Amino acid sequence: MKRKLTPKQQRFADEYIESGKKEESAIKAGYKSRSAHSIATENLQKPAIKSYIDERMAEIASKRIMDATEAVELLTSIARGETKETVYIGTADGVYEKHKGADLKTRISATKEILKRYPDNNKLVEQQIRKLKADADIAESKARIMNASTDSTEAKVSEYLDKLDDVLGGDSDGN
């Protein structure tokens, strides 16, 4: 069963949510300034008040903070040129208001932001992954060659170049 807050406790909690300052909130809620600090500290430790503050903060967050779907929808409307911005133009005759769509640079930027959220559809990311895998394979091959060979350094380098040449599909003479 939830314990009901007193009107003064509720005012304190509401003020605290608004300002984040415990002593100031206690004073505005009607507590004496002499004891405001200790009462505020005590109030913030009471489970009923903490619960009330947490519930209200969650309520506020859900109303005021944009969720992922809303963010992607906004980016999509910008990328499509559907969102208009108001531009004020000052001239000798006065100030004029003009509504214009996003410029190309902004639309491209919005498109890139959308693609970041869907990496499976991004060809650039695929190419980067392929390159990283190839680099890793080459490094692994280099390590195997250097570790497997017991010959002199010159022989290791020669063998390394031969193997690298085989991987690249040419010959080490530059032909």
Side-chain angles (χ1 to χ4, degrees), residues 1-139 168:
M1 182 164 85
K2 249 185 176 176
R3 188 173 158 246
K4 188 103 167 124
L5 299 181
T6 67
K8 197 181 267 191
Q9 288 174 331
Q10 187 169 346
R11 274 196 313 275
F12 165 75
D14 289 337
E15 288 292 335
Y16 182 74
I17 290 167
E18 191 174 314
S19 72
K21 299 175 182 174
K22 62 183 184 179
E23 196 170 331
E24 182 182 305
S25 300
I27 293 168
K28 284 184 177 180
Y31 294 101
K32 293 185 172 136
S33 59
R34 195 169 5 111
S35 58
H37 180 76
S38 60
I39 288 176
T41 302
E42 185 181 311
N43 275 350
L44 289 174
Q45 292 173 352
K46 291 180 180 176
I49 295 175
K50 281 172 63 173
S51 175
Y52 175 79
I53 290 172
D54 290 344
E55 287 173 13
R56 293 277 292 131
M57 290 300 285
E59 214 176 277
I60 291 168
S62 68
K63 289 179 185 174
R64 298 190 69 195
I65 297 175
M66 180 183 292
D67 65 3
T69 303
E70 190 178 356
V72 172
E73 286 173 354
L74 175 61
L75 287 170
T76 301
S77 71
I78 292 169
R80 289 182 177 157
E82 297 167 351
T83 302
K84 305 288 184 203
E85 70 177 299
T86 304
V87 179
Y88 295 97
I89 303 166
T91 65
D93 297 331
V95 177
Y96 295 97
E97 183 178 297
K98 181 181 177 186
H99 299 283
K100 70 174 196 98
D103 62 359
L104 191 57
K105 183 178 178 182
T106 304
R107 292 175 69 180
I108 290 170
S109 179
T111 303
K112 285 180 181 178
E113 287 299 317
I114 293 168
L115 289 175
K116 283 181 191 175
R117 287 150 179 83
Y118 299 100
D120 294 343
N121 296 331
N122 192 340
K123 297 294 181 195
L124 177 61
V125 172
E126 285 178 25
Q127 294 302 320
Q128 289 172 338
I129 290 171
R130 271 186 55 209
K131 183 181 183 309
L132 289 172
K133 284 180 181 177
D135 289 345
D137 290 344
I138 290 170
L168 296 176

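Side chains included, hydrogens not; waters and symmetry mates left out as well; all remaining heavy atoms used. Computed from a predicted structure; not experimentally measured.
- Here the straight-line distance linking atom CD of Glu15 with atom CD1 of Ile17 works out to 10.0 Å at 0.5 Å rounding.
- Annotation: the span from Lys4 atom NZ to Gln9 atom CD amounts to 11.5 Å, rounded to 0.5 Å.
- Looking at every heavy atom in both residues, Ala79 comes nearest to Ala110 through N-CB, 4.0 Å.
- Taking all atoms of both residues into account, the shortest heavy-atom contact from Gly81 to Arg107 is N-NE, 3.7 Å.
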Problem set entry | Test log, rule side-chain contact (heavy atoms from CB on, under 4.5 Å), inputs Asn43 and Tyr31 | CA-CA 11 Å; Asn43 275 350; Tyr31 294 101; 3.4 Å; yes

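- Remark: Asp135 engages Lys131 in a salt bridge, criterion side-chain N to carboxylate O under 4.0 Å.
- The minimum heavy-atom distance between Gln10 and Tyr52, with the atom names listed, is NE2-OH, 3.3 Å.
- Around atom CD of Glu18, no more than 12 heavy atoms belonging to other residues, nucleotides or ligands sit under 6.0 Å away.
- The number of heavy atoms from other shown groups lying within 6.0 Å of NZ (Lys100) is above 12.
- Considering NZ of Lys98 and OG1 of Thr86, their distance stands at 12.0 Å, rounded to 0.5 Å.
- With respect to Lys46 and Glu42, a salt bridge is recorded, a charged nitrogen being found less than 4.0 Å from a carboxylate O.
- Contact between Ile78 and Thr83 at its shortest, heavy atoms only, is N-OG1, 3.8 Å.
- Few gaps surround NZ on Lys84; more than 12 heavy atoms of other groups in view lie less than 6.0 Å from it.
- Using a 4.5 Å cut-off on side-chain heavy atoms (C-beta onward), Phe12 and Ile39 make no contact.
- The minimum heavy-atom distance linking Ser19 with Ser25 is given by the pair OG-OG, 3.2 Å.
- Note that OG of Ser33 is 14.0 Å distant from NZ of Lys28, once rounded to the nearest 0.5 Å.
- Among Leu75, Leu74, Val72, the single residue meeting the side chain to side chain contact (heavy atoms under 4.5 Å, CB included) criterion with Glu113 is Leu75.
- Looking only at side-chain heavy atoms (C-beta outward), Asp103 and Thr106 come within less than 4.5 Å of each other.
- Here the CD1 atom belonging to Ile53 is positioned 10.5 Å from the CD1 atom belonging to Ile60, to the nearest 0.5 angstrom.
- Every residue two or more places apart in sequence or in another chain that forms a side chain to side chain contact (heavy atoms under 4.5 Å, CB included) with Ala48 is listed here: Arg3, Leu5.
- For the atom pair CD1 (Ile27) and NZ (Lys32), the distance works out to 13.0 Å, reported to the nearest 0.5 Å.
- The two residues Ala29 and Lys8 have their closest heavy-atom pair at O-CG, 3.4 Å.
- A donor and an acceptor atom, one from each side chain of Ser51 and Asp54, are nowhere located under 3.5 Å apart.
- One N or O on the side chain of Thr41 and one on the backbone of His37 form a donor-acceptor pair closer than 3.5 Å.
- For Glu73, the side chain to side chain contact (heavy atoms under 4.5 Å, CB included) test picks out Thr69, with sequence neighbours left out.
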